[in-house]
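Scroll down for the structure; my scribbles are underneath it.
Numbering of ligands and ligand atoms starts at 1, following listing order. Reckoned from all heavy atoms, side chains included, excluding hydrogens, waters and symmetry mates.
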Amino acid sequence: MTETVLNIPFDDAFRFDPSPTFAELRENRPVARVRTLAGAEVWLVTRYDDVKLVLADPRFSRAAVVKQGAPRVALAKPMPNSLTTTDPPEHTRLRKLVSTTFAHRRIERTRPWVAELSAQLADDVAKAGDGADIRQLVALPLPIQVICQLLGVPYDDREQFREWTELGYSMKMAEKDLVENAMTALTAYIEELVDRKLANAEQPAEDLLDELVRAREEGDRLSQEELMAFGVNLLVAGHETSANQISSCVATLLRWPENWARLVDDHALVPSAVEELLRFNRFSEVGQLRVAVEDVELHGVRIKAGEGVMAALNSANRDPRAFTNPDELQLDRKENKQLSFGFGPHFCLGAQLARIELQESLLALLRRFPKLSLAKPAEELEWRRVLVSGLAELPVNLGN
Ligand code: HEM
């Protein structure tokens, strides 16, 4: 019997609750055939253990996603020579260059500053009054300011690189031709920044891009292409995902207002609530792509070398094999091994930074607006059609 090939994103994507198709596949077709927006046929794994296997097993490669003829998930071509498109040992060498900056203890030093920024942004929300858009006033400016500072990118350039990021992640077929131009423009922008840093070499700025430029200057530790890929990757991954998750976290709490009230009364619950919200909210409408480098048999399906496999993080996060009552939001869930930051060698480099941003932005809003509520019914909120799931708007009433 020939298997039905489903189109992904599914028809009922880009809304709050995950498509029921994920649950159906988890039970009945744990390795399913799907067709991506870019027209490639790949396998989709939906169970928790299988998702971990695909993300951590070296038989599934990230380097192979940039090979000629490799299947594609999104409209934009993945950028070669980056953390996300290399396998060990190249990946290990690149990751080492930035791992100190993102190490848990070092990144924790940014917490007081992130908390201060969050409080300032809450002031902006208060000034805007009822109807204030949390996405525009908090969710975007917070991670953008943080990554700009860390990387050494001028905050004044944000409108420009936001536009390129938005297009680069687009899942709208109508924008197909604009996507590549946006990625080229983003690379040219990083190149120009690096040139400016080289021109000011005698006054190093002590930011991450500066450090990477020095690594390239020191010879064989980093090539020009790798430096460009680092710049684009860190700038984009460093704000787009956090921005979407900040909005999703606030919106999910306000969808069931008793959750907001519970956190207002108990700030100590915020770290565990953030883990649960990360599990509960969607990260992407598709899965994380790998390409098999040898034949692999999984649940009776033969995945052939060269074929693509997507690991559906959202589906794994709702797998009853890994979580009790997975469709319930439990802010105090114990032993929450959510996979929203991935797993294995490509585990999110910025996970701890993202946690700080999510926790501190929530705390600032909880302190300032104990009676916050959605200004529009949750079902009417608009979602963006991009690779990383997120709301287009989050209007709230302040209740002050
Ligand atoms: C809530 C926010 C975030 C979420 C949900 C998230 C999620 C993820 C996931 C799922 C991966 C693994 C992708 C894969 O295996 O294919 C990843 C990788 C990555 N993330 Fe994040 N991320 C977030 C925030 C950040 C931030 C703030 C940074 C800051 C620099 C960042 C930088 C990266 C980088 C560089 C990688 C590639 C790591 C590698 O390939 O070794 N992320 N992220």
Review point. Any N or O of H91 that comes nearer than 3.5 Å to an N or O of ligand 1?
Key: yes
Check your understanding: So, is R95 polar-close to ligand 1, with some N/O to N/O distance under 3.5 Å?
Key -> yes
Check your understanding: For F343, is the nearest heavy atom under 4.0 Å from an atom of ligand 1?
Key -> no
Exercise for review: Give the atoms of ligand 1, by number and element, whose distance to some non-hydrogen atom of T84 is under 4.0 Å.
Suggested key: 37 (C), 40 (O)
Review point. CG of D17: more than 12 outside heavy atoms within 6.0 angstrom?
Key: yes
Study note, to complete from the structure: closest protein heavy atom to atom 26 (C) of ligand 1 is A237 O, 3.6 Å
Check your understanding: Any idea which part of P345 is under 4.0 Å from ligand 1, heavy-atom wise: side chain, backbone, both or neither?
Key -> backbone
Check your understanding: With atoms numbered from 1 as shown, which atoms in ligand 1 lie under 4.0 angstrom from a non-hydrogen atom of S242?
Key -> 2 (C), 24 (C), 27 (C)
Check your understanding: Starting from atom 11 (C) of ligand 1, which protein heavy atom do you reach first, and at what distance in Å?
Key -> F341 O, 3.9 Å
Exercise for review: Considering the heavy atoms of A354, write down every atom of ligand 1 situated less than 4.0 Å from one of them.
Suggested key: 1 (C), 2 (C), 24 (C)
Point to revise | Contacting atoms of ligand 1, where contact means under 4.0 angstrom from a heavy atom of Q245 | key: 1 (C)
**Study point:** E258 CD: over 12 foreign heavy atoms closer than 6.0 Å
**Key:** yes
Review point. Looking only at N/O atoms, are H346 and ligand 1 under 3.5 Å apart anywhere?
Key: yes
Check your understanding: Among V34, I8, L37, L289, which one satisfies side-chain contact (heavy atoms from CB on, under 4.5 Å) with V73?
Key -> L289
Exercise for review: Measure the distance from atom 36 (C) of ligand 1 to every protein heavy atom, then report the residue, atom name and distance (to 0.1 Å) of the closest one.
Suggested key: L349 N, 4.0 Å
**Study point:** ligand 1 versus S340: contacting region, heavy-atom distance under 4.0 Å
**Key:** backbone
Review point. What residue and atom, counting heavy atoms only, is the protein's closest point to atom 29 (C) of ligand 1, and at what distance?
Key: G238 CA, 3.4 Å
Practice item. Give the single entry among H239, E240, Q288, R355 that approaches atom 16 (O) of ligand 1 most closely by any heavy atom. Key: Q288
Practice item. Decide whether Q330 and E276 meet the rule of one side-chain donor and one side-chain acceptor closer than 3.5 Å. Key: no
**Study point:** Ligand-residue contact atoms, ligand 1 with L83, heavy atoms, under 4.0 Å
**Key:** 35 (C), 39 (C), 40 (O)
Practice item. Look at atom CZ of R105 and say whether more than 12 heavy atoms of other residues, nucleotides or ligands are closer to it than 6.0 Å. Key: no
Check your understanding: Mind checking whether Y48 and F323 have parallel, tilted or perpendicular rings, split at 30° and 60°?
Key -> perpendicular
Review point. Which word best sums up how the rings of F16 and W383 line up, parallel for under 30°, tilted for 30 to 60°, or perpendicular for over 60°?
Key: perpendicular
Check your understanding: Numbering the atoms of ligand 1 from 1, which are under 4.0 Å from a heavy atom of R290?
Key -> 14 (C), 15 (O), 16 (O)
Practice item. Give a yes or no on whether a salt bridge exists between E360 and R111, defined as a side-chain N under 4.0 angstrom from a carboxylate O. Key: yes
Exercise for review: Count the heavy atoms belonging to other residues, nucleotides or ligands that lie under 6.0 Å from NZ of K77, then report whether that count exceeds 12.
Suggested key: no
Review point. Does ligand 1 have an atom that lies less than 4.0 angstrom from a heavy atom of G344?
Key: no
Review point. For atom 3 (C) of ligand 1, which of T241, V388, L358 has the closest heavy atom?
Key: T241
Study note, to complete from the structure: Any heavy atom of L150 under 4.0 Å from ligand 1? The part involved is neither
Exercise for review: Return a yes/no value for E357: is any of its N or O atoms, backbone included, closer than 3.5 angstrom to an N or O of ligand 1?
Suggested key: no
Exercise for review: Could you list which atoms of ligand 1 come closer than 4.0 Å to a heavy atom of L313?
Suggested key: 10 (C)
Check your understanding: Any luck finding a side-chain donor-acceptor pair between T165 and E240 under 3.5 Å?
Key -> no
Exercise for review: Considering only non-hydrogen protein atoms, determine which one is nearest to atom 19 (C) of ligand 1 and report residue, atom name and distance to 0.1 Å.
Suggested key: C348 CA, 3.7 Å
Review point. Any Lys/Arg nitrogen of D327 or R318 sitting under 4.0 Å from an Asp/Glu carboxylate oxygen of the other?
Key: yes
Point to revise | N-O pairing of K127 and D124 below 4.0 Å | key: yes
Review point. With the threshold set at 4.0 Å, does a side-chain nitrogen-carboxylate oxygen contact exist between D266 and R262?
Key: no
Point to revise | Residue pair S389 / E285, side-chain donor-acceptor N/O under 3.5 Å | key: yes
